[in-house]
Amino acid sequence: MRYSIDIDRKWQKKWADTELYKFDENSDKKKLYCLEMFSYPSGANLHLGHWYNYSLTDSWSRMKRMQGFNVFHPMGFDAFGLPAENYAIKTGIHPKDSTMKNIETMEKQLREMGATFDWNYELATCTPEYYKWNQWFFIKLFEKGLAYRKNAPVNWCPSCNTVLANEQVVDGACERCGSEVIHKHMTQWFFKITDYAQELLDCIPDLDWPEKTKKIQTNWIGRSEGSQVALYVEKNGEELKDEDGNPVKLEVFTTRADTFMGCTYVVVAPESELCDKLTTDECREAVEEYKRQTSKVTDIDRMSTTREKTGVFTGSYAIHPLNGRKVPIWAADYVIAGYGTGVVMAVPSHDERDFEFAKKYGLEIIRVVQSAPGVDDELPYCEKSGVLVNSGEFDGLDMHEAIDAIVAKLNTMGMGEKKVNYRLRDWLISRQRYWGTPIPMIHCPECGVVPVPEEDLPVLLPYDVEFKPDGESPLAKCDSFINCKCPKCGGDAKRDPDTMDTFVDSSWYQFRYADNKNADKIFDKDKINKMCPVDKYVGGAEHASMHLLYARFFTKAMRDMGLLDFDEPFKSLVHQGVILGSDGQKMSKSKGNTVMPDDYIIKYGSDVFRTYLGFGFSYIDGGPWNDEGLQAIVKFIRRIERLTEDVAAAAPAKADPADGAAATASAKDLNYAVNYAIKAATADIDRFQFNTAIARMMELLNAIGKYQQTPDADPQVLRAAFEKLVLILSPFAPHFAEEIWETLGNGYSIFNEEWPEFDESALVLDTVEIAVQINGKIQFKINIPSDADQAAVEEIVKADARFDEALAGRNIVKFIYVKGRLANIVAK
RNA sequence: GGGGUUGUGGCGGAAUGGCAGACGCAGCAGACUCAAAAUCUGCCGACCAUAAAUCGUGUGGGUUCAAGUCCCACCAGCCCCACCA
């Protein structure tokens with residue numbers, strides 16, 4: 001037998017013909033839902049990242065299948081998105097055509113991987129059968145008040161006259177034409193994920209997720225406990241009032257209400273509506289100019305504490321509610337509209353950014369906190385401890401008491417309260433693009449915003465659309481799409497011209513898989529409760545904050561709508577690492593450092609490639625590509641091939657390595673090796689540590705080779721050990737293992753065999769070598785009975801002549817024995 | 001700027017706080033061979049002629065009987081930051 005791609009093809013055909021991996025919804029085995037993050041069909045070929053993620057997660061799920069789980073393992077495509085549209089703009093090939101073609105190619109390649117996907121459950125998000133339910137759910141969210149419209153900035157290229165994605169903005173310029181990108185405000189749809197901020201936070205500790213991912217989510221939600229305080233506004237010498245004649249209040253969130261008496265100015269985000277309202281006629285021109293400047297700066301740069309602060313006076317003043325001080329209101333870009341209330345109280349004496357700004361613009365600086373009474377610390381003094389000064393009735397209070405006292409006082413005036421703020425912002429889902437789910441809303445001049453009636457769904461994405469960028473959403477230019485009748489009044493109306501963020505598609509696909517052909521419902525509740533949540537979810541760590549949070553939000557919203565009965569979509573999560581180019585850089589076509597899996601598959605077969613991916617890297621860390629180690633697997637597979645011939649020649653009668661154990665010492669050694677390999681490999685595969693699992697298999701192969709060399713080797717014992725090796729290797733080399741199984745006359749299929757169990761008693765050795773240390777330094781090694789207790793070990797060690805020599809007359813202070821490992825003697 | 005993360009032989013990488021370098025790749029030596037390939041055996045962190053000893057997990061501190069592992073500071077690299085997916 002000689003393993004090659006032909007063997008891959010032989011078994012792929014047989015698996016397909018016999019529907020070996022067909023999922024049985026009615027099985028009474030325990031359900032296990034194993035899911036990899038689905039892929040975006042951008043290029044025509046599967047890249048190395050897909051292979052790394054999918055092939056090895058498939059190995060994991062193959063083991064689970066052999067362990068007796070009813071494994072649900074579907075695959076599909078995240079098929080809407082910007083790249084297909086960009087490709088279309090460049091080449092004229094319609095996104096639907098290129099996407100469908102890419103999906104076809106990728107499906108074929110995924111089959112060539114030899115994975116256990118059941119293609120009956122496939123889905124593609126760009127099909128009306130799928131996106132209909134995006135629209136349906138959008139309307140449900142709208143009905144619940146969880147979808148709403150507000151103004152938000154977009155990146156705008158004034159030259160191309162179009163909206164740009166962040167990735168299309170390179171150093172503040174349009175990637176196509178190089179013009180300077182500005183921020184433009186548009187009315188857009190948001191999902192109110194902030195309603196779930198607290199629950200999203202509360203459920204994190206119970207998730208079986210990587211700690212770092214939990215940390216990222218916790219920080220992303222960013223709960224902070226503080227206070228909201230308010231100031232009235234004076235504009236042109238008069239109190240500013242709203243349309244109803246009520247005084248306008250500037251609401252400010254702060255974690256440092258204790259410093260409120262030191263507030264000497266207030267800052268508003270320049271792009272906010274509030275800023276426009278506050279700006280006086282005299283200052284209008286300067287503010288407008290400043291807004292033009294800031295519209296070019298990214299949020300990340302704006303929040304940087306090292307960047308030089310800039311700002312401009314709005315002409316209005318805020319009135320401090322406690323001391324009546326009239327403080328100027330400035331517009332400055334270190335405050336961001338979408339963040340908190342978009343207004344900041346500035347206390348230059350106790351905040352670095354405020355201090356820098358105040359010094360630059362000559363604003364007043366008043367110390368209100370001292371580290372201890374009478375100590376004039378250098379300003380800004382930002383430590384979170386101290387006592388108050390220059391704060392009238394609050395002088396002398398500890399700053400923590402002062403927060404309570406000041407907020408309590410403000411509260412009696414209706415000007416402040418304790419408040420929890422979250423860094424998390426609502427999810428902006430409108431995209432001014434073609435290749436996505438149309439937003440199922442109608443804008444009627446009479447009735448306002450009206451949802452499309454459920455029976456009219458899906459709102460189909462039209463095929464013939466001009467999606468070249470020229471200033472409008474592509475759908476807005478498609479007359480047959482955009483013009484419609486209002487479902488309420490029947491009058492002429494227009495559809496929403498935007499499409500949804502593709503993260504909407506990927507926030508609930510994990511549920512649709514389980515009921516992917518349901519034409520009547522988003523999914524059947526009983527079915528989803530039975531099949532979901534996902535038991536093991538595997539994908540890139542780059543999704544730690546957004547995709548994974550959005551999917552959790554959708555699950556909770558669906559639960560509250562009664563669509564399903566659990567709280568979290570993904571019980572257990574693993575992130576595979578990133579395989580970089582051999583230059584240590586991220587792989588990209590432009591850098592020319594990509595690796596094509598197909599080249600290796602053709603040359604070595606998919607099993608060699610998969611096993612190498614498992615062996616050559618720490619799965620969770622990834623690392624630079626290097627195929628030198630591939631030889632390790634080539635040699636490993638060849639050795640097994642040769643052994644197969646030897647073993648197949650022996651009688652097929654089943655024997656256990658343990659049977660021979662009583663007979664010979666060599667058989668006993670082999671039996672130990674078999675059981676150790678099974679135990680360790682099983683545990684390692686379970687925790688996605690494939691490199692050490694395969695290392696244990698190599699050790700077992702070495703042990704089998706050694707046994708084979710012994711003169712008294714029993715062919716049946718050899719065969720039994722070899723079969724165990726093939727079984728535990730089978731998840732990584734499925735075609736190869738299937739071929740061996742057939743060669744051995746063991747029938748079809750090896751994947752219907754049970755995963756081998758190990759025998760703990762075979763792992764108990766009579767003696768064990770331990771290290772003897774004095775004060776932590778190794779002196780010598782010694783064999784002891786493996787069941788010896790500390791007293792017995794102490795006696796054995798003390799009786800050894802080497803011990804006296806090493807002790808050199810010192811006294812024994814303490815004797816520590818770590819079972820089966822070492823003895824450490826503390827000596828003085 | 002904020003958040004996350006990594007740092008171990010020539011290389012990929014192992015190591016529940018317990019003998020650092022498992023398992024391999026590459027390399028070196030030997031066996032087999034007319035020869036080569038393949039295969040098999042042995043060696044393979046530094047220092048050192050060799051052995052012993054000593055040193056050794058980015059740097060500097062600390063905790064501990066014991067630190068690659070835990071804590072603090074620093075250095076270097078990588079990833080993410082809300083319109084890429």
Side-chain angles (χ1 to χ4, degrees), chain A residues 37-40 42 78 80-83 86 152-155 163-169 188 193 211-213 215-216 218-220 222 298-307 334 338 353 423-433 501-503 505-506 540-547 549-550 577-578 580 584-586 612 615-618 621-633 635-636 638-639 642 689 691-699 702 705 709 769-778 781 813-827:
Chain A
M37 291 179 184
F38 61 175
S39 61
Y40 181 78
S42 59
D78 189 14
F80 272 140
L82 187 59
N86 285 340
V154 292
N155 297 312
V163 173
L164 300 176
N166 281 346
E167 74 155 10
Q168 296 174 305
V169 181
Q188 306 185 72
I193 188 172
E211 285 307 315
K212 65 167 186 173
T213 309
K215 242 187 220 169
I216 290 169
T218 303
N219 291 330
W220 189 262
T298 68
D299 279 8
I300 292 170
D301 288 338
R302 284 174 64 171
M303 284 186 286
S304 166
T305 50
T306 49
R307 186 171 154 265
Y334 72 93
R353 289 183 312 180
R423 205 185 72 100
L424 181 68
R425 289 180 253 164
D426 278 336
W427 174 14
L428 194 168
I429 62 117
S430 296
R431 298 290 181 271
Q432 297 69 37
R433 295 184 205 294
D501 180 5
T502 55
F503 273 126
D505 312 354
S506 57
E542 69 275 19
H543 293 292
S545 45
M546 297 170 66
H547 160 59
L549 199 65
Y550 296 149
V578 179
L580 305 167
Q585 303 269 63
K586 225 172 153 175
Y612 175 61
F615 181 68
F617 304 86
S618 159
D621 295 338
W625 175 253
N626 172 353
D627 62 10
E628 279 173 28
L630 197 62
Q631 282 314 311
I633 303 302
K635 287 183 186 175
F636 179 57
R638 295 284 174 260
R639 283 179 73 191
R642 289 195 296 274
Q689 198 168 304
N691 54 350
T692 49
I694 295 163
R696 298 294 87 82
M697 295 174 206
M698 289 173 171
E699 284 169 351
N702 290 340
Q709 307 284 310
E769 188 188 62
I770 65 162
V772 178
Q773 304 180 331
I774 291 180
N775 294 336
K777 295 225 179 231
I778 293 173
K781 292 177 184 181
V813 178
K814 201 172 170 187
F815 189 98
I816 296 155
Y817 173 54
V818 183
K819 197 166 184 342
R821 293 280 192 171
L822 56 74
N824 187 22
I825 293 93
V826 186

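Lettering of chains follows the sequences in order, A, B, ..., and the numbering in each one begins at 1.
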Check nucleotides 51-58 of chain B against the protein and report each pair of N or O atoms closer than 3.5 Å, with its distance, or say if there are none.
none

Query raised in the report: Any side-chain N or O of A:Arg639 under 4.0 Å from OP1/OP2 of B:rC40?
Result: yes
Report task. Would you write the dot-bracket representation of RNA chain B, where each base gets (, ), [, ], | or . depending on whether it forms a Watson-Crick or G-U pair under 3.5 Å and with which partner? Result -> (((((((..(((.....[....))).(((((.......))))).((.......))..(((((..]....))))))))))))....
Report summary line: By nearest-heavy-atom nucleotide on RNA chain B, the more 5' of A:Ile825 and A:Ile633 is A:Ile633
Query raised in the report: With distance as the sole criterion, do the side chain of A:Lys814 and the base of B:rC65 form a donor-acceptor contact below 3.5 Å?
Result: no
Query - Phosphate OP1/OP2 of B:rC25 contacted by A:Lys635 side-chain N/O (<4.0 Å) - result: yes
Query raised in the report: What's the base orientation of B:rG30: syn (chi within 90° of 0) or anti?
Result: anti
Report summary line: Note: for A:Gly622 and A:Gln188 on RNA chain B, the residue whose nearest nucleotide lies more 5' is A:Gly622
Query raised in the report: Can you tell me if the side-chain N/O atoms of A:Asn219 get under 4.0 Å from OP1 or OP2 in B:rG2?
Result: no
Requested in this report: Mind checking the OH-CZ spacing from A:Tyr612 to A:Phe636? Nearest 0.5 Å is all I need.
Outcome: 15.0 Å
Query raised in the report: Quick one: is B:rA82 close enough that its OP1 or OP2 comes under 4.0 Å of any side-chain N or O from A:Asn166?
Result: yes
Requested in this report: Starting at CD of A:Gln773, measure out to NZ of A:Lys781 and round the result to the nearest 0.5 Å.
Outcome: 10.5 Å
Query raised in the report: Could you go step by step and tell me if A:Thr298 and A:Val169 meet the side-chain contact (heavy atoms from CB on, under 4.5 Å) rule?
Result: CA-CA 10 Å; A:Thr298 68; A:Val169 181; 5.9 Å; no
Report task. Examine distances only and state if a side-chain atom of A:Gln432 and a backbone atom of A:Val163 form a donor-acceptor pair shorter than 3.5 Å. Result -> no
Query raised in the report: Below 4.0 angstrom from OP1 or OP2 of B:rA85, is there any side-chain N or O of A:Thr502?
Result: yes
Report task. Please state whether the phosphate of B:rA82, meaning OP1 or OP2, lies under 4.0 angstrom from any side-chain nitrogen or oxygen of A:Arg425. Result -> no
**Report entry** side-chain contact (heavy atoms from CB on, under 4.5 Å) assessment of A:Trp220 paired with A:Met546
**Finding:** CA-CA 9 Å; A:Trp220 189 262; A:Met546 297 170 66; 4.0 Å; yes
**Report entry** Working for side-chain hydrogen bond (donor to acceptor under 3.5 Å, both in side chains), residues A:Asn86 and A:Arg433
**Finding:** CA-CA 10 Å; A:Asn86 285 340; A:Arg433 295 184 205 294; over 6 Å; no
